[in-house]
Amino acid sequence: IPAPWGVFETLETFTFIIHMVFVNVVLGGILLLLYNRLSKPSEAASNPFQSTLTTKIPTMFALSVTFGVAPLLFMQVLYGNFFYSSSVIMAVAWILVIPSLIIAYYGIYIYKQSRDRKPSLATISLAIAAGLVLYIAFIEVNNMTLMVQPQKWTMYFADRSGGNLNWGEATLIPRYLHFIVASVAVAGLFSSVVWYFRRTKDPLKSMKNIESGLRVFSIGTAIQMVIGLWFLIALPGHLRALFLGENNLYSFVFGISILMGMGAMITGFLKRLWPTVWLLLGTVATMVLTRAFLRAAYLNKFFSVSNLHVNPQYSVMALFFVVFIVGLIIVGYMINLAVTADRRRVAQ
């Protein structure tokens, strides 16, 4: 590798945190909109999530894909032999992620354009997008759990069709549900943030909608805590012990993530928007770190990134960082333009 492994691990963690925030808003937002349309179709237009999520999800979808590429590439630099192996074992399901992503992207735009004029088409396109994004998430979880368990790769010799999934994995379902519920919670909080910036035009309506989003976030986070406990119990005993006191660093970061998550849930119930937002971001960051620790623990007896040979190419890495930082600035500038335009539109 062209630089010490810590550089790539840090970059993967940083970009994955950003990716997770965007993808949570997308998946959770789609599920909230679909639930709203199916459960209360007559009230769909007046739902507090309708205007905040419908117009924002297409952009957030694009950003989630953009920031999903970077952590995937950094992860491949360090764990490529494991990731490629698991991807081949489940090749058909994995390659279907790409067309699923494209069709889901179209589905969101069809929903946005037809939600008022053609409600049936809007609901169908939204349901298709929801199903495909849920599929993508499930396949991602399968691949991430399979890549850290080389002892299971012998399944390939029993079935070389590329249709294998990690069905026997005890953490598969709780890990998947943990992500789904978190997405709904984050989407609710995102809606609250959007309504906060719209509060000048109609303060009473905005405050009511901010509270609705916070309520969804807090309830979702409470459910997520229960699923997280299931996930922890489902881990193999020797791995679970690492996060329950056997490894000081792992236990500290894991403990902080739980405390921040509980803090965010409490401030959400207390209707404190910005403390909830900052505690959520801290929770996401520490949970992503915990995920990285768990991956390293799974692979410990097979591989350690610290053993990778470093062939320094610091000029290339310097150029990369320049391009990377400029890219972040450009994306930030575009997001600022979008937010400013939204404020101007609402003010009119």
Side-chain angles (χ1 to χ4, degrees), residues 1-23 63-91 94 97 140-153 156 166 175 235-236 238-239 241-243 246-254 256-257 281-282 284-332:
I1 53 177
W5 67 269
V7 173
F8 296 102
E9 194 78 65
T10 301
L11 287 168
E12 195 242 354
T13 301
F14 173 69
T15 53
F16 190 71
I17 290 169
I18 300 173
H19 170 66
M20 285 303 296
V21 172
F22 287 135
V23 81
L63 290 168
S64 68
V65 173
T66 299
F67 280 99
V69 172
L72 188 64
L73 292 177
F74 294 133
M75 185 265 291
Q76 289 175 31
V77 170
L78 299 177
Y79 303 99
N81 49 337
F82 295 93
F83 173 74
Y84 291 131
S85 298
S86 59
S87 298
V88 168
I89 292 169
M90 51 181 289
W94 181 248
V97 164
E140 289 276 358
V141 172
N142 267 273
N143 204 348
M144 294 304 107
T145 55
L146 187 58
M147 69 169 276
V148 297
Q149 297 176 297
Q151 69 274 16
K152 292 186 176 182
W153 295 353
Y156 174 76
N166 200 15
R175 186 168 182 165
L235 286 172
H238 69 285
L239 296 179
L242 293 173
F243 296 91
E246 191 171 291
N247 184 296
N248 291 334
L249 177 60
Y250 290 12
S251 301
F252 175 76
V253 174
F254 179 58
I256 291 296
S257 71
L281 293 175
V284 172
T286 49
M287 288 302 294
V288 169
L289 279 174
T290 301
R291 171 183 175 272
F293 293 153
L294 181 60
R295 177 176 58 199
Y298 262 111
L299 291 173
N300 185 50
K301 62 182 178 180
F302 303 104
F303 169 79
S304 173
V305 289
S306 61
N307 294 331
L308 288 170
H309 176 68
V310 178
N311 181 21
Q313 297 179 25
Y314 294 122
S315 59
V316 174
M317 291 302 300
L319 177 61
F320 161 78
F321 276 110
V322 169
V323 175
F324 181 64
I325 293 170
V326 170
L328 288 177
I329 292 172
I330 292 173
V331 172

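Between I89 and K152, every side-chain heavy-atom pair lies at or beyond the 4.5 Å cut-off. Counting heavy atoms from C-beta on, the side chains of T66 and F22 never come closer than 4.5 Å. Residues F16 and V23 have side chains not in contact (no heavy-atom distance under 4.5 Å, counting atoms from C-beta outward). Between F83 and L72 the shortest side-chain heavy-atom distance falls below 4.5 Å. Contact check for W5 versus V310: no side-chain heavy atoms found under the 4.5 Å cut-off. By the 4.5 Å heavy-atom criterion applied to side chains, V77 and L308 are not counted as neighbours.
Between Y250 and F243, the ring planes lie parallel to each other; the angle is under 30°, not in the 30° to 60° tilted range.
Rounded to the nearest 0.5 angstrom, M287 CE and L294 CG are separated by 9.5 Å. The CD1 atom of I256 sits 7.5 Å away from atom OG1 of T286, with the distance rounded to the nearest 0.5 Å. Here L299 contributes atom CG and L78 contributes atom CG; the two are 11.0 Å apart, rounded to the nearest 0.5 Å. One finds the CH2 atom of W153 at 5.5 Å from the CZ atom of F82 (value rounded to the nearest 0.5 Å). Rounding to the nearest 0.5 angstrom, the gap separating the CG atom in L11 from the CZ atom in F324 is 6.0 Å. With rounding to the nearest 0.5 angstrom, the CE atom of M75 is 5.0 Å from the CE atom of M147.
Pairing each heavy atom of T10 with each of G6, the nearest pair is OG1-O, 2.7 Å. In terms of heavy-atom proximity, L242 sits nearest to A297 at CD1-CB, 3.6 Å. Contact detail for N142 and N166: the closest heavy-atom pair is OD1-N, 2.8 Å. Smallest separation of non-hydrogen atoms from Y314 and P312: CE1-CB, 3.3 Å. The two residues H238 and E246 have their closest heavy-atom pair at O-OE2, 4.5 Å.
Outside the 6.0 Å centre-distance limit, the rings of F320 and F8 are not counted as a close aromatic pair.
Take Y156 and apply the side chain to side chain donor-acceptor pair (under 3.5 Å) test, not counting sequence neighbours, and it matches no residue. A search for side chain to side chain donor-acceptor pair (under 3.5 Å) contacts involving Q313 returns nothing, not counting sequence neighbours.
Within a 6.0 Å radius of CZ in F252, other residues, nucleotides and ligands contribute 12 heavy atoms or fewer.
Among pairs with a residue in residues 11-20, those fulfilling side chain to side chain donor-acceptor pair (under 3.5 Å) read E12-R295, at least two apart in sequence or across chains.
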